[in-house]
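I have placed the structure first, in the form of structure tokens, so that the comments after it can refer back to it.
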There are 2 protein chains.
Amino acid sequence: MAARPTSKTSESSDKVSVICRALRRAIIEQALEPGAKLPEDSLGERFGVSRTIARHALGQLAAEGLVELRRNRIAVVATPSWQEARDAFDIRIELERLVVRQLAGKLTKAQIAELNAHVDAEDGARGGADAVSIRLATEFHILLAQMTNSPILVRYVSEVAYRCCLTLSLYSRPHSTECAINEHRAIISALAKGDEAKVMELMHHHLDSVANRALVAPTPQRGRDLLDILAPYADEVAGNRVVKLPKVARRG
Amino acid sequence: MAARPTSKTSESSDKVSVICRALRRAIIEQALEPGAKLPEDSLGERFGVSRTIARHALGQLAAEGLVELRRNRIAVVATPSWQEARDAFDIRIELERLVVRQLAGKLTKAQIAELNAHVDAEDGARGGADAVSIRLATEFHILLAQMTNSPILVRYVSEVAYRCCLTLSLYSRPHSTECAINEHRAIISALAKGDEAKVMELMHHHLDSVANRALVAPTPQRGRDLLDILAPYADEVAGNRVVKLPKVARRG
DNA sequence: GGACACCAAACTGCATGCAATTGGAGCGCT
DNA sequence: AGCGCTCCAATTGCATGCAGTTTGGTGTCC
């Protein structure tokens, strides 16, 4: 069989799902920055649904790690720490290696054409907004995952890719998509040739370099949790246990 | 640093979370078998909450893949196909290899003691109900994941482990936990010694043999979706596209 | 000027109510 | 009996309402 026959993994067409998709996209395109407030009322009003639905949608996105939900507090777009970002990329590397391992040499010509078409689209978007480039690059990886036809794998790759996307907007310097596009092409080519070891290595390297390009260092100013920033200084406070800090406003 | 300092990943104490935990446990202990119906009303009544809350909880569990939600239909405990079960184990292997890779040689004595204590508990439960053994074995893996102190990794390992647990109840023959316990001990030992390559190999082998013990073959009778069973026959139907089957009762 | 107490607006947590959809029992027809 | 039809109880999809909590601003006192 050429990979596995295709089937859909899409969400149902609930109002909840619609809102989830909209918010997800807004988040990964950085229309909603990390930390942005998401009051249930406003969302409901904006999407023409009741607060119940908006709330449910927020719950789903929280389960995906895109939104942070604190009791009795306004939901906000997640603000992963630098370490969490690195962890996400590490997981992503393993998952996507698995994807290409399953796919190597098993793609139909139609599927390869689809992948190439997608990369062409990425290429075409190079002049446009950065956010679109990032989204397309992410969707390339999700497209790959979908071709495994393993719903679980699709879900995890999608989630973790979105999370990585989110961290890029936090920690990344202005994006350079050029090499990423070339790397995508190289991956397609190796997949077509069926060189399992090589494509796994390519994917590993690709994601690692994306991570390294982005997560250059625990950039001290942006996106770090106040508690983390203060941690080294807390030692100097006399008679203060560092382990359990008192309640402090997070990211005032 | 000895692994990373421990912090909690628990869910908040919402009513929703309470119900989620209860259902999750009921599912992995097979008190609720795959396919079992979960009407919102009944759940709400049982847990002393409104339908709204029960519904929200079901949404969360659906996001984790433990529950299947179909529009306008009663929610049911998920019934993964054999292929999905195999996919889940494949993903789990990669994730848990990552766990032990991060942990090798980095555990404190206290953590090793905790792991040993857990395995002792598994040992002590050998006489008891099968469901408890399975749950404890699963929790061992989650405990490991928690020691990485990577919330994302904890979440994914937990989810996929629960899913695997679920599939065991579908496809597994009467469980033999003996060797699993020994394998757990071997993993702890290798982790303590810090032999990264070996512990990854051990974990790989451990999970692979759990999967093979359980998923012996696509058992034709139980747990298979009617559509899957019929798929080979559909080819013979004249002029019928196999891709899109008409609506058919699933698992009548 | 700065710290503190207090209050109103904003927001969440949850239950309830109503319309729409489903599935299955009952019933008649062949 | 087997098949199809109708109709109703069961159940979901969703909005609204009320109570409790947080937030941010104001006034007061030192």
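Chain identifiers are assigned alphabetically (A, B, ...) following the order of the sequence lines, protein sequences preceding nucleic acid strands; residue numbering begins at 1 within each chain.
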Glu40(B) CD to dT22(C) P, straight-line distance once rounded to whole Å: 15 Å
Which residues share a side-chain contact (heavy atoms from CB on, under 4.5 Å) with Glu40(B), sequence neighbours left out: Arg51(B), Arg55(B), Leu58(B)
Check: Val154(B) main-chain N/O paired with Gln146(B) side-chain donor or acceptor under 3.5 Å: no
Atom-pair distance (CD1 on Ile74(A); P on dA9(C)), nearest Å: 17 Å
Any residue meeting side-chain hydrogen bond (donor to acceptor under 3.5 Å, both in side chains) with Arg163(B), in chain and number order, not counting sequence neighbours: none
Pair Glu159(B) + Arg155(A), salt bridge at N-O below 4.0 Å: yes
Integer-rounded Å distance: dG20(D) P and Arg71(A) CZ: 13 Å
ring-ring contact (aromatic ring centres under 6.0 Å, His included) contacts in which one or both residues fall within residues 36-62 of chain A, not counting sequence neighbours: His56(A)-His56(B)
Backbone N/O of Thr79(B) and side chain of Glu68(B): donor-acceptor pair under 3.5 Å: yes
Whole-Å distance separating the CD atom of Glu45(A) from the C1' atom of dA10(C): 14 Å
Length of the line joining Leu38(A):CG and dA10(C):P, which is rounded to integer Å: 19 Å
Contact letters for nucleotides 15-21 of chain C, in which S counts primed atoms plus P, OP1 and OP2 and B counts the base, heavy atoms under 4.0 Å: BBB---S
Between the first and last five pairs of the helix from dG1(C)-dC30(D) to dT30(C)-dA1(D), the angle of the axes, rounded to 10 degrees: 10°
Arg55(A) side-chain proximity, nearest of dC14(D), dC14(C), dC11(C): dC14(C)
Rounded distance (Å) that lies between atom P of dC11(C) and atom CG of Leu69(A): 15 Å
Lys37(B) NZ - dA10(D) C1' separation (whole Å): 10 Å
Backbone N/O of Ile91(B) and side chain of Glu94(B): donor-acceptor pair under 3.5 Å: no
Main-chain N/O of Val99(B) paired with Gln102(B) side-chain donor or acceptor, under 3.5 Å: no
Which residues share a salt bridge (Lys or Arg N to Asp or Glu O under 4.0 Å) with Glu139(A), sequence neighbours left out: Arg135(A)
Rounded interatomic separation in angstrom, taking CG from Asp41(A) and C1' from dA9(C): 12 Å
